[in-house]
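Down below is the structure, laid out as structure tokens.
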Number of protein chains: 2
Amino acid sequence: MRVVTDLLPHTLRSDALDNRERILDAARALFASEGLNVPMREIARHARVGPATLYRRFPTKQALVTEAFTEQMRACHTIVDEGLADPDPWRGFRQVIERTCELHAHNRGFTEAFMSTFPDAMDFAAEREYTLNAIAKLAHRAKDTGHLRPDFVLDDLILMLMANRGIHATSTTVRVAASRRFAALVIQAFQTSPTHAPLPPVARLATAAHA
Amino acid sequence: MRVVTDLLPHTLRSDALDNRERILDAARALFASEGLNVPMREIARHARVGPATLYRRFPTKQALVTEAFTEQMRACHTIVDEGLADPDPWRGFRQVIERTCELHAHNRGFTEAFMSTFPDAMDFAAEREYTLNAIAKLAHRAKDTGHLRPDFVLDDLILMLMANRGIHATSTTVRVAASRRFAALVIQAFQTSPTHAPLPPVARLATAAHA
DNA sequence: ACCCAAACGGACGGTGGCGTCCGTTAGCGT
DNA sequence: ACGCTAACGGACGCCACCGTCCGTTTGGGT
């Protein structure tokens, strides 16, 4: 029995390739502004493509989402890497928060994709893991400088990300502005303070981040 | 022409009244655990009632939601009143935040109903207004004590509420725990601090709180 | 220039939620 | 005990979205 991949050509015809790009563009635009719940057909329409073509290129919405957001995943990657590279860990930490919040505020759909394990078994799991590990390391260093409160845990960051996605607004600009202020407040909360009363116990969200 | 209300009997038959209660119970339970997006028929099924009966009592989902959440609205009311009554405004303010977060964490649907103007023209608008005004007054007093940061604005509280609703979790207990910790962090952020860097400009969310 | 497989998209059947109609049941006043 | 009518709920038609089939078009190799 021949395997399926044997039957599929490894190079797309020019028109097919063109359509693929248009589909991805449409998907990115719609995911960003409307979230992941846009109907597949809506994406197809925006891409000036029939439904069948869309399904031919991306058999499942998963596949489309994954492909559409690789760029943003890379951006996430870059953000934490740069934060990690900063000689001042506390400043790096703050910037990671600020830039991550902004990234998510710009992209409604990306947040959904990143936060939830999605339907299930999102392909971002590995990336997500890498990112969180990097942040954990950064947080450790930031604690050593005495700027990050000692009782901070990684789940607090997830908590913050979940909270950030709760910020809806009609226009992107408003949402981004709100997100920026939110990030500033969060940083304030994470900062070591002479008056920090003990925090309530952590809730283990790391794996329970369902949508 | 006789008005509709003339034709409707002002007293329900006993079985009708019974069904009405069962519908409300089912609605409250489902709204709390699943959010407002539960299908009407699902509510009907849980109430052991035909769809027609549900629609007869509550012609629109709006009506059902409004009726189902009057209790919680009263709770909200009580929370801010008690906060306002506290001789220590800052403690009152903190408790309003804590208790509000907890209330919302317990009730997925209530948050949606309260935050968004919903489809449009939710009947809670008036209550919402009252609540926000009360909190504004409380915040003013808390600032006077020097505990609440001077650059706090009411939109920050809305921001916090929106953020709180972003906290999803499979189980209620986890969500409540997370929400509690979140509230504590938020209070930390709102507290006057020797190190408070100026916050980014506010985003006017008050009216743009769409779902 | 020709051909054929890759690629296309309109059209189809299936599912699930919606709101309403109407024939049947049963509360309650006499 | 009876009858009238409020109240019931199964069943209907509607619409949106889903994923696939299949007859037609077209890129690109010979």
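In what follows, every chain begins at residue 1, and chains take the letters A, B, ... in the order their sequences are listed.
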>> Closest-nucleotide mapping onto DNA chain C: is B/Met40 or B/Arg56 further toward the 5' terminus? I mean the 5' end.
In response: B/Met40
> For the base of D/dG19, is there a side-chain donor-acceptor partner from A/Arg41 under 3.5 Å away?
Replying inline: yes
> Looking at A/Arg20 and A/Glu67, does any basic side-chain N land under 4.0 Å from a carboxylate oxygen?
Replying inline: yes
>> From CD1 of A/Ile43 over to P of D/dC17, roughly how many Å is that when rounded to an integer?
In response: 12 Å
>> Can you build the contact string for nucleotides 24-30 of chain D? Use B for base contact, S for sugar-phosphate-only contact, and - for no protein heavy atom under 4.0 Å.
In response: --BSS--
> What heavy-atom pair brings A/Ile167 and A/Ala178 nearest, and what distance separates the two atoms?
Replying inline: CG2-CB, 3.8 Å
> If we only count heavy atoms from C-beta on, is the A/His46 to A/Val38 side-chain gap below 4.5 Å?
Replying inline: no
>> With rounding to the nearest 0.5 angstrom, report the CG to CG distance, A/Asp25 to A/Leu30.
In response: 11.0 Å
> Over how many whole Å does the gap from B/Leu36 atom CG to C/dC18 atom P extend?
Replying inline: 12 Å
>> Rounding to an integer number of Å, can you tell me how far A/Arg22 CZ sits from C/dA7 P?
In response: 15 Å
>> Nearest whole Å is fine: how far is C/dG27 C1' from B/Asp18 CG?
In response: 13 Å
>> Categorize A/Arg20 for me: base, sugar-phosphate, or nothing, with a 4.0 angstrom heavy-atom threshold over every strand shown.
In response: nothing
> Minimum heavy-atom separation for A/Phe152 to A/Lys143, with atom names?
Replying inline: O-NZ, 2.8 Å
> What's the verdict on salt bridge (charged side-chain N to carboxylate O under 4.0 Å, His left out) for A/Arg57 and A/Glu21, showing C-alpha distance, side-chain angles and the deciding distance?
Replying inline: CA-CA 10 Å; A/Arg57 287 301 148 241; A/Glu21 280 316 308; over 6 Å; no
>> Salt bridge or not between A/Glu34 and A/Arg108? Use side-chain N to carboxylate O under 4.0 Å.
In response: no
> Can you tell me how far P of C/dG16 sits from CG of A/Asn37, to the nearest Å?
Replying inline: 17 Å
Side-chain donor-acceptor contacts of residues 71-83 of chain B below 3.5 Å, not counting sequence neighbours, with atom names and distances?
unit_1  : atom_1 : unit_2   : atom_2 : d
B/His77 : ND1    : B/Glu127 : OE1    : 3.1
B/Thr78 : OG1    : B/Arg74  : O      : 2.9
B/Asp81 : OD1    : B/Tyr130 : OH     : 2.9
B/Glu82 : OE1    : B/Arg99  : NH1    : 2.7

>> Side chains of B/Asn164 and B/Ser179 only: does a donor on one sit below 3.5 Å from an acceptor on the other?
In response: yes
>> Using whole Å, what does the distance between atom C1' of nucleotide C/dC18 and atom NZ of B/Lys61 come to?
In response: 10 Å
>> Which residues in residues 46-55 of chain B have a heavy atom closer than 4.0 Å to any atom of DNA chain C?
In response: B/Ala52, B/Tyr55
>> Between C1' on C/dG16 and CD on B/Glu42, what's the gap in Å once rounded to a whole number?
In response: 12 Å
> Does A/Asn19 make a side-chain N or O approach to OP1 or OP2 of C/dA7 shorter than 4.0 Å?
Replying inline: no
>> Regarding A/Arg45, tell me which of base, sugar-phosphate or nothing describes its non-hydrogen contacts under 4.0 Å with the strands shown.
In response: nothing
